[in-house]
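The structure under discussion appears below in the form of structure tokens.
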Amino acid sequence: MTLRVLVVEDDREIRALMQSSLAVEGFTVQTAVSLREASALLRHAPPDVVLLDLGLPDGDGLELVRQIRQSQALPILILSARHQEAQKIQALDAGADDYLVKPFSVGELLARMRVALRHRGTALLAAVTQHELDDLRVDLDTRRVQRAGETLHLTPTEYKLLARLVRSAGRVVTHRQLLADVWGPEYTEHTHYLRLYMAQLRAKIERDPAEPRHLLTETGVGYRLAVV
Ligand code: CA
């Protein structure tokens, strides 16, 4: 089965580049240059994944994220320029799966698409409960966290934070999402909690906490648990 990708991008060069490189990888590619065109395509020929530029001629890509999330669970990846940080975070909070900052490589795009598709796919069948990379093993069924075969002792909050990242392994989770899910919706502005607990968690999990291999910082946005 070929997967259908909808590319919503008003920049002609980027659009053409994405169309050809995704077609080479075997995807069926549809393109839209505006929110209006994208909405029409989403209604008539729903894709399997959406790649969405934020700055579009007839509005903000964020509107499309909200519209899609009212009825559809397909993966949405944001394509953003560096200066669109606030919009990018809003889009993630509104339900986008991940983002790429322009310029990005095709390899990076494909890797992110695979992760997003896997998550959306498995999310329908079963939640992600196992994570393994290098010497780190996390099993959410038994609540066991091991590094190089040794069981680590995490506080309840450290564990909740790690578990939240495991459920979204490979994808960025915003500060706001982490604070809401680990501490509660009334804590979304308490970013200092997150910094403190992330430092504690890195001290236990990372071989070198100053150069994290697992718990990656997405500057200004959030954190990502590495999968490769
Ligand atoms: Ca644009």
Side-chain angles (χ1 to χ4, degrees), residues 2-121 168 170-178 188 216-224:
T2 54
L3 289 174
R4 290 194 295 193
V5 188
L6 171 59
V7 178
V8 188
E9 168 66 80
D10 61 326
D11 183 302
R12 197 158 58 93
E13 271 177 49
I14 299 179
R15 201 171 61 237
L17 175 70
M18 291 184 52
Q19 172 148 40
S20 57
S21 33
L22 290 169
V24 165
E25 296 295 326
F27 291 97
T28 302
V29 189
Q30 286 181 306
T31 59
V33 300
S34 64
L35 290 177
R36 220 164 59 92
E37 237 182 76
S39 297
L41 282 169
L42 280 160
R43 266 196 308 276
H44 300 300
D48 297 297
V49 51
V50 175
L51 305 178
L52 176 64
D53 176 33
L54 288 177
L56 293 162
D58 57 347
D60 193 326
L62 178 61
E63 289 171 37
L64 198 68
V65 175
R66 295 204 175 109
Q67 186 191 317
I68 293 172
R69 281 294 170 259
Q70 283 174 9
S71 58
Q72 289 168 296
L74 75 173
I76 305 171
L77 280 86
I78 300 297
L79 312 173
S80 77
R82 214 159 273 286
H83 66 272
Q84 290 172 319
E85 191 151 281
Q87 284 164 287
K88 184 170 79 188
I89 294 167
Q90 281 180 318
L92 290 166
D93 283 334
D97 292 80
D98 206 346
Y99 70 91
L100 288 136
V101 177
K102 297 172 189 174
F104 47 82
S105 69
V106 173
E108 198 182 340
L109 171 65
L110 293 169
R112 293 263 193 272
M113 281 173 63
R114 271 195 297 274
V115 169
L117 282 162
R118 193 170 66 230
H119 271 277
R120 289 284 170 188
S168 293
R171 293 187 299 161
V172 65
V173 187
T174 65
H175 296 134
R176 220 183 151 76
Q177 287 168 335
L178 287 169
T188 53
L216 310 179
T217 296
E218 292 285 333
T219 309
V221 178
Y223 295 95
R224 184 193 302 272

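The basis for the numbers below is simple: all heavy atoms, side chains too, and nothing from hydrogens, waters or symmetry mates. Just so you know, ligand 1 is whichever comes first in the structure, and atom 1 is the first atom listed for that ligand.
- In this structure, Leu52 and Leu79 have side chains that are not in contact, with every pair of non-hydrogen atoms separated by 4.5 Å or more.
- Ion pairing between a basic and an acidic side chain is recognised when a charged N comes within 4.0 Å of a carboxylate O; Asp97 and Arg112 show no such pairing.
- Here Asp98 pairs with Arg224 in a salt bridge; the nearest charged N to carboxylate O distance falls below 4.0 Å.
- Between Ala32 and Leu41, the closest heavy-atom pair is CB-CD1, 4.1 Å.
- Less than 3.0 Å away from the Ca ion (ligand 1), the protein contributes these N/O/S atoms: Asp10 OD1, Asp53 OD2, Gly55 O.
- Using a 4.0 Å cut-off between charged nitrogen and carboxylate oxygen, Arg114 and Glu25 do not count as a salt-bridge pair.
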Stepwise, does the side-chain contact (heavy atoms from CB on, under 4.5 Å) test hold for Ile14 with Met18?
CA-CA 6 Å; Ile14 299 179; Met18 291 184 52; 3.8 Å; yes

